[in-house]
Amino acid sequence: MAEMYIRVAEEENEEPMEIPSEDDGTVLLSTVAAQFPGACGLRYRSPISQCMRGVRLVEGVLHPPENGWGNLVYVVNYPKDNKRKMDEIDASSAKIKRGDQKTSDLIVLGLPWKTTEQDLKDYFGAFGEVIMAQVKRDVKTGNSKGFGFVRFADWETQNKVINQRHMIDGRWCDCKLPNSKQGPDEPMRSRKVFVGRCTEDMTTDDLRQFFMQYGEVTDVFIPKPFRAFAFVTFADDQVASSLCGEDLIIKGVSVHISNAEPKHSNIAISGFCLGRRPSVAALCG
DNA sequence: GTTGAGCGTT
């Protein structure tokens, strides 16, 4: 029998793709899977019974119905109830993988003066997805200070980058975990966190909206005039402490979360509170 | 207009 093609589609009413048959009139499951990754069989709607029918499958070989394949459209079967395509499966497992290890900003030391954020993105983009890049500059002159920061989407990428030297615009550069991330900071029991490296365009609403995702936000305080930091208070102290040490990206900039140092005035008050026995929570929040 | 170990406007 001459080679012919059968019509196969992902769903009954989708545009079919023509799949080649073998010389003996059968179709190999592997041929189907080559076009529909993850496929485990075929079915079709019987013109007689109007029911879906399964195509006979023996050891990887699909056998035609009694009257031949005909001009019917065959629908791909996927394992179990799992009708996702392979690329979707890959994407979802990648998403799970992404969540297992958080990345942190890396300091990039030794940058040429001329290197820009775009240069950093271009260079490090070859290693993996770059989600933040900065070149630190003198505020007055705008000149580069010769170092910057970069953050990757994936932990694997971050590790790869840390473990080698980098030739960027003609100079050898090093990527390290910044000091702010090294050494275990002892977390204190506080509902309030310090948010460092804020930019001036971050409003209290922005911060509230952003931090809501971690838990109920009870207060946002931004000192004025602008001082590049803020305080965010949560209803739950565990939420607060879980964020300490993190670098989070708000409006495209990396902010650093750490313990809110208790206000000096509050230390005095808290001593006073404890001596006087009123509710500590009421007065020393 | 300069420089070359460092640490991000607390």
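All values reported here derive from a predicted model rather than from experimental measurement. We name chains A, B, ... by the order of the sequence lines, and we start the count at 1 in each one.
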Legend entry - Pair A:K136, A:Q134: side-chain N/O donor-acceptor within cut-off below 3.5 Å: yes
Inset, instruction - Have a look at A:L106 and say if it touches a base, only the backbone sugar-phosphate, or nothing, with a 4.0 Å heavy-atom cut-off. - result: nothing
Legend entry - Output field: ring centroids A:H256/A:F229 closer than 6.0 Å: no
Inset, instruction - Verify whether the ring centers belonging to A:Y5 and A:W69 lie closer than 6.0 Å. - result: no
Whole angstrom value for the distance that separates [atom2] of [N] from [atom1] of [X]:
X	N	atom1	atom2	result
A:W113	B:dT3	CH2	P	8 Å
A:R171	B:dT3	CZ	P	12 Å
A:L248	B:dG8	CG	P	18 Å
A:L177	B:dG8	CG	C1'	14 Å
A:K140	B:dG1	NZ	C1'	16 Å
A:F194	B:dG8	CZ	C1'	12 Å
A:R165	B:dG4	CZ	P	17 Å
A:I222	B:dT10	CD1	C1'	14 Å

Legend entry - Ring-base stacking, A:F147 with B:dG4 (5.5 Å, 30° cut-offs): no
Which one, [options], comes nearest to the side chain of [X]?
X	options	result
A:M132	B:dG4, B:dG8, B:dG6	B:dG8
A:D105	B:dC7, B:dG8, B:dT9	B:dG8
A:K176	B:dC7, B:dT9, B:dG8	B:dC7

Legend entry - Donor/acceptor link under 3.5 angstrom from A:N179 side chain onto base of B:dG8: no
Inset, instruction - Select from A:N143 and A:R137 the residue whose nearest nucleotide in DNA chain B is closer to the 5' end of that strand. - result: A:N143
Legend entry - Given DNA chain B, 5'-ward residue of the pair A:G146 and A:K136, judged by closest heavy atom: A:G146
Legend entry - Ion pair check, A:R151 and A:D105, cut-off under 4.0 Å: yes
Inset, instruction - Respond yes when some side-chain nitrogen or oxygen of A:K181 is under 4.0 Å from OP1 or OP2 of B:dC7, and no when none is. - result: no
Legend entry - Hydrophobic cluster partners of A:V61 (side-chain heavy atoms under 4.5 Å): A:L28
